[in-house]
Amino acid sequence: EVQLVESGGGLVQAGESLRLSCAASGFSLDDYAIGWFRQAPGKEREGVSCISSSLGSTYYADSVKGRFTLSSDSAKNTVYLQMNSLKPEDTAVYYCAAERGSCTVAGGSPVFYAYDYWGQGTQVTVSS
């Protein structure tokens, strides 16, 4: 059974950091790309970043470029999203999702319709 479990969300102040984890089971990160998305109340889902571990490729939306960094641990089958210099506008529920093959992106942002499996989400709240 394919499963994605996010963790690491929380409440921080502006300028602080968080690291989100996406633990995958039922498939290998060598075969799937992992995308991160976020959705704030009243807003559309936004593609944040994507990593294709097999290709060593990463992509970032302009809104997070230079502040967020993706990494993966194949032994743990886990992808990490390091978020630095957090801003109040980063407040959202963050989801990881899996897409077979490589990242499907538009302008650096992963596109949600390409992703087959989704986690339950983790809340990130950044206070000003």
Side-chain angles (χ1 to χ4, degrees):
E1 178 186 4
V2 172
Q3 192 172 19
L4 297 167
V5 179
E6 303 97 334
S7 61
L11 171 64
V12 296
Q13 293 188 334
E16 294 184 339
S17 300
L18 279 175
R19 189 178 78 159
L20 304 184
S21 300
C22 174
S25 59
F27 66 91
S28 170
L29 294 181
D30 290 337
D31 300 323
Y32 282 76
I34 299 295
W36 283 92
F37 299 80
R38 65 187 182 185
Q39 189 163 21
K43 294 188 176 181
E44 293 187 353
R45 182 168 28 187
E46 175 188 12
V48 174
S49 60
C50 184
I51 182 168
S52 172
S53 300
S54 61
L55 299 176
S57 302
T58 54
Y59 303 87
Y60 300 93
D62 288 342
S63 58
V64 305
K65 198 173 295 182
R67 299 188 298 122
F68 290 12
T69 303
L70 279 169
S71 62
S72 64
D73 184 334
S74 59
K76 296 182 178 180
N77 222 36
T78 298
V79 167
Y80 303 98
L81 181 66
Q82 178 68 41
M83 306 187 297
N84 298 329
S85 302
L86 283 162
K87 305 174 181 180
E89 51 264 43
D90 294 318
T91 295
V93 177
Y94 283 71
Y95 301 89
C96 65
E99 173 190 11
R100 180 177 286 275
S102 58
C103 295
T104 300
V105 295
S109 298
V111 289
F112 74 91
Y113 56 77
Y115 291 77
D116 304 307
Y117 305 103
W118 292 78
Q120 82 290 349
T122 185
Q123 176 71 47
V124 172
T125 304
V126 184
S127 63
S128 57

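Sequential numbering from 1 along the given sequence is applied to the chain's residues.
Taking CZ from F68 and OG from S85, the interatomic distance works out to 9.5 Å, rounded to the nearest 0.5 Å. Rounding to the nearest 0.5 angstrom, the gap separating the OG atom in S128 from the CD atom in Q13 is 9.0 Å. Between the SG atom in C50 and the CD1 atom in I34 there is a gap of 8.0 Å [rounded to 0.5 Å]. Going from atom OG of S127 over to atom CD of E16 covers 7.5 Å, rounded to the nearest 0.5 Å. The OG1 atom of T69 lies 15.0 Å from the OH atom of Y80; values are rounded to the nearest 0.5 Å. The CD atom of Q120 sits 7.5 Å away from atom SG of C96, with the distance rounded to the nearest 0.5 Å.
Classified by interplanar angle (parallel below 30°, tilted 30° to 60°, perpendicular above 60°), the ring pair Y95/W118 is perpendicular. Relative ring orientation between Y117 and F27 is described as parallel, the plane-to-plane angle staying below 30° on a 0-90° scale split at 30° and 60°.
Taking the side chain as every heavy atom from C-beta outward, S52 and C103 approach each other to under 4.5 Å. When side chains are defined from C-beta on, Q123 counts as touching T91, because their heavy atoms get closer than 4.5 Å. The shortest side-chain heavy-atom distance between L18 and M83 falls under the 4.5 Å cut-off.
Cluster membership for Y94 and L4, using ILVMFWY side-chain heavy atoms within less than 4.5 angstrom, is shared. Hydrophobic cluster membership differs between L70 and Y115, with clusters built from Ile, Leu, Val, Met, Phe, Trp and Tyr side chains linked at under 4.5 angstrom. F112 and L81 fall into different hydrophobic clusters, where Ile, Leu, Val, Met, Phe, Trp and Tyr side chains are chained together by heavy-atom contacts under 4.5 Å. The cluster map of Ile, Leu, Val, Met, Phe, Trp and Tyr, joined by side-chain heavy atoms under 4.5 Å apart, puts F37 and V111 in the same cluster. Hydrophobic cluster membership is shared by Y32 and V2, with clusters built from Ile, Leu, Val, Met, Phe, Trp and Tyr side chains linked at under 4.5 angstrom.
For the residue pair S17/N84, the side-chain donor-acceptor check at 3.5 Å is satisfied. A donor atom on one side chain and an acceptor atom on the other are found under 3.5 Å apart for S63 and E46.
Smallest separation of non-hydrogen atoms from A61 and G47: CB-O, 3.5 Å. Taking every heavy atom of both residues into account, W36 and S21 meet most closely at CH2-O, 3.7 Å. Considering all non-hydrogen atoms of both residues, G121 and V93 come closest at CA-CG1, 3.9 Å.
Note on residues 58-69: pairs passing salt bridge (Lys or Arg N to Asp or Glu O under 4.0 Å), not counting sequence neighbours, are D62-K65, R67-D90.
The hydrophobic cluster around Y59 extends to V105, counting ILVMFWY residues whose side-chain heavy atoms fall within less than 4.5 Å of a member.
Distance alone, capped at 3.5 Å, is enough to place a donor-acceptor pair between the N77 side chain and the L29 backbone. Not one N or O on the side chain of E6 forms a donor-acceptor pair closer than 3.5 Å with the backbone of T122. Judged by distance alone, with hydrogens and angles left aside, the side-chain atoms of S72 form no donor-acceptor pair with the main-chain N or O of V79 at under 3.5 Å.
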